[in-house]
Structure formats: C-alpha cells, structure tokens
Amino acid sequence: MEILKNKKSLEDYVERQKEMGKRIGFAPTMGALHKGHLSLYEAARKENDLVVSSIFVNPTQFTNALDLEKYPRNIQKDIDFLQNSGWIDAVYIPEVADLYPEKTASKSYQFNGLEKEMEGAARPGHFDGVGTVVETLFRQVKPDNAYFGEKDFQQLAIIRNLAAQLKLPVKIHGVGIYREENGLAMSSRNERLSPAERAASKLIYETLQKANGWFRVVSIPEIKKRVSEIFSEEPVMILEYFKIADEETLKETDFFYKDRNYRAFIVVNVNDVRLIDNLHLD
Ligand code: AMP
C-alpha cells in the first residue's frame, strides 16, 4: 500500500496509474477506521483496478469546535489497519494546506434544498464544508467511481448532487450501513461511548425497526409520538430528532404517497456523543 502524504505525491501516483489505464475507486474518510469503512473498500474493489482512500479530519465541516477537537485521531493505527486489511492500494493523508492552499474556509453551495434539511438545519455550514473538501479531493484523486456510506444518507445525496452540478466525471455509489452486533451503526464516535452506553445505544436501531413496522399502519405523527416516548424513558439517550422524509427530496413528511420512497432518520446524543442512523421504510 502506498502512503501519499502530500498533494504532489498523490498527483504523481494518480498520473502514473491513469497512464496505465487503471480505473480508480475512491472512498474518503476522516480516519479512526473501522469495519464500516472496509465495506466501502470492498464495494470499490469489485468495480475498479485500484482502490484509493483518504484520511483527513476536515475542519470546515465541523460546526462545533469541541467535536472537532475530540474527533479521534490515530494515523499509525489507521495505517496498520489498512495494511492488515489488504483492501486498498493507496491512502492519501494530506495536510490542511494540500486541500486548502489559501484559507481554511468553505465554498458556498446550493444542493437543490437538500442542504437545508436535517443535518443542514442542525449544523449550519456543515454541507458547505463537506462539499468543499469532497470537490477538492475529487479534483486531486480523479476517481472513476467514489463510494459513500448510507449511514450519512443526506451526505450521499448531496455528493450525488455536487458531482452532477459540477459535471465531475465520477460515478457516485452508496454503500449500506455496517452495524455492530447489537445493531448500532458502526462509527468512529462509538469509541467515545462507555461499554454501558454502547450497549444501551442498541435502542436506536431497535426503534428504527419498530418505526418500520408501524409505517403505513399508523400515522406518521403517531410514529413520532411513540419514538419520543421510547427515548423519554431512557434518560442517558437524548433524542435530538426523529424524522420520516422522502428519500429523494429529504423533505420531512407527515403523509405518505404510494409511489414515493421514505426513510426514517434519527439523531441521539449519548453523553455528548452524537449518534446518527437511518433506515429505509418498506
Ligand atoms: P467518516 O470517516 O465517518 O467521515 O466516514 C467516511 C465514509 O464512511 C462516509 O462515506 C461514511 O458514510 C462511511 N461510513 C461510516 N460509517 C459507516 C458504516 N457504519 N457503514 C457504512 N459506511 C460507513
């Protein structure tokens, strides 16, 4: 596995590979790697000659300074993890100046309103930060295919919109959520949970599954009421939001139409750790 520590070494690598006609699959990450990230590489492996990943904790997408500061970082552990996995060919580990040569600030985007819903409303400026870093990474890595987790479903929708509006020559692929044994969506932030909190957090996926069972049986306001009752009985788990939204527009809805697809989205704070999850409703 090649370890590319700056823009120059990445660009040399990409140029060599492109000259040989290799198709590049790319999965960007913020490190603290786990099996959820491996599922992106596994998908990329099947459809490309090479798999490239990146590790960069992007400052412009954090709206909370403490969250940025507390974000787990252990580059050597990540490199060892990648090397042992054997899934990838190269990892790009840029410095801030490689991605933000002038100032560390976001561009401003419009993603057809997608950026205003859910995480966009809860974390103003977050998707401008994501868009800026992903656009820059795409321009540097020049992937044929790029892989993003459905765990961040809104982010995936926004990246699809970004690639389309900028006419970037990359195909965007969504990868299903990889879960811990108890159903908790795997996340770098889970490292900050105590064993008891981690065990209690299984309630999130259990509740999503219950909501799926209630969907099209009881009304959406009734589902929301039941979900908030479940969390009101668990004082360590603070429900930030639970929404049912159209999968395409991401607009929250209280009614459903037969020919549209819907998804439940949830954010729960457990002792200051913000846990996010979602489930397609069928
Ligand atoms: P992160 O390092 O958290 O920014 O995530 C990097 C990529 O991995 C994003 O596309 C995430 O959606 C994806 N990802 C993170 N956790 C999971 C998971 N449990 N299952 C599938 N994809 C994931």
Side-chain angles (χ1 to χ4, degrees), residues 25-46 51-64 67-68 70-75 77-79 81-82 85 87-88 91-94 99 114 118-120 123 126-138 141 143 145-163 170-193 198 201-202 204-205 208 250 263 265-268 273-280:
F26 176 51
T29 81
M30 297 206 298
L33 300 173
H34 51 69
K35 288 182 181 160
H37 295 110
L38 292 187
S39 58
L40 304 181
Y41 306 146
E42 195 178 350
R45 189 91 258 163
K46 292 188 184 133
V51 181
V52 176
S53 190
S54 60
I55 298 176
F56 180 68
V57 181
N58 176 34
T60 65
Q61 73 187 66
F62 284 82
T63 46
N64 176 331
D67 197 23
L68 171 61
K70 283 196 177 168
Y71 201 85
R73 293 168 174 87
N74 191 337
I75 286 291
K77 192 171 161 205
D78 284 342
I79 292 174
F81 179 83
L82 289 175
S85 83
W87 280 116
I88 75 165
V91 59
Y92 180 34
I93 311 177
L99 298 182
L114 294 172
M118 299 183 283
E119 291 302 280
R123 305 170 71 189
H126 170 67
F127 288 119
D128 279 339
V130 170
T132 305
V133 78
V134 172
E135 180 186 346
T136 309
L137 285 166
F138 280 174
V141 177
N145 295 289
Y147 298 81
F148 292 84
E150 285 187 354
K151 176 168 166 288
D152 303 286
F153 192 85
Q154 187 175 9
Q155 168 174 281
L156 169 63
I158 279 175
I159 302 298
R160 286 190 201 282
N161 183 290
L162 174 89
V170 54
K171 189 165 174 219
I172 308 299
H173 302 259
V175 178
I177 301 175
Y178 189 93
R179 298 181 179 282
E180 299 195 1
E181 243 168 60
N182 70 2
L184 175 64
M186 206 163 263
S187 165
S188 311
R189 290 193 169 94
N190 298 356
E191 287 181 20
R192 286 166 51 201
L193 299 172
R198 209 158 173 147
S201 300
K202 73 177 195 307
I204 299 171
Y205 185 49
L208 285 173
L250 300 185
R263 193 169 276 257
F265 295 86
I266 191 165
V267 174
V268 176
V273 182
R274 194 165 182 275
L275 301 174
I276 179 168
D277 203 347
N278 64 77
L279 185 68
H280 171 75

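Atoms within a ligand are numbered from 1 in the order they appear, just like the ligands themselves. Sequence positions, counted from 1, serve as the residue numbers for this chain.
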### Query
Should A27 be listed as contacting ligand 1, given a heavy-atom distance under 4.0 Å as the test?
no
### Summary
Residue, atom and distance of the protein heavy atom nearest atom 11 (C) of ligand 1 read D152 OD2, 3.1 Å
### Message
Considering non-hydrogen atoms of the protein only, which is the closest contact for atom 21 (C) of ligand 1, and what is the distance?
### Response
G176 O, 3.4 Å
### Steps toward side-chain contact (heavy atoms from CB on, under 4.5 Å) verdict (T29, S53)
CA-CA 7 Å; T29 81; S53 190; 3.7 Å; yes
### Query
Would you say M186 has any N or O atom under 3.5 Å from an N or O of ligand 1, going by distance alone?
yes
### Query
With sequence neighbours left out, what residues match E42 under side chain to side chain donor-acceptor pair (under 3.5 Å)?
none
### Message
H37 versus ligand 1: do any nitrogen or oxygen atoms come within less than 3.5 Å of each other?
### Response
yes
### Message
Heavy-atom pairs closer than 4.0 Å: do any link ligand 1 to the side chain of F153, the backbone, both, or neither?
### Response
neither
### Task
Using the six-membered ring wherever Trp is involved, compare the ring planes of H173 and Y147 and label them parallel, tilted or perpendicular (cut-offs 30° and 60°).
parallel
### Message
Taking I204's backbone N and O only, do any of them form a donor-acceptor pair with D277's side chain (distance below 3.5 Å, no angle check)?
### Response
no
### Summary
Closest to atom 6 (C) of ligand 1 by heavy-atom distance, out of P28, G149, A43, is P28
### Task
Could you list which atoms of ligand 1 come closer than 4.0 Å to a heavy atom of L40?
7 (C), 8 (O), 13 (C)
### Query
Per the side-chain contact (heavy atoms from CB on, under 4.5 Å) rule, which among I172, L114, L156 passes with N161?
L114
### Query
Distance from L40 atom CG to F148 atom CZ, nearest 0.5 Å?
9.0 Å
### Task
Heavy-atom distances under 4.0 Å are what count here, so tell me which part of R179 touches ligand 1: side chain, backbone, both or neither.
neither
### Task
Give the residue, atom name and distance (to 0.1 Å) of the protein heavy atom nearest atom 4 (O) of ligand 1.
M30 CG, 3.6 Å
### Message
Is there a polar contact, in the sense of an N or O pair closer than 3.5 Å, between Y178 and ligand 1?
### Response
yes
### Query
Of all the atoms in ligand 1, which lie at a distance below 4.0 Å from a heavy atom belonging to F148?
10 (O)
### Summary
Residues passing the side chain to side chain donor-acceptor pair (under 3.5 Å) test with E180, sequence neighbours excluded, are N190, R198
### Task
Any atoms of ligand 1 less than 4.0 Å from a non-hydrogen atom of Y71? List them with their elements.
3 (O)
### Query
Which heavy atom in A32 sits nearest to a heavy atom in S188, and how many Å separate them?
O-OG, 3.2 Å
### Task
Could you tell me whether the side chains of S85 and Y41 share a donor-acceptor contact shorter than 3.5 Å?
no
## Note on the structure
atom 15 (C) of ligand 1 sits nearest the protein heavy atom H34 CE1, 4.0 Å
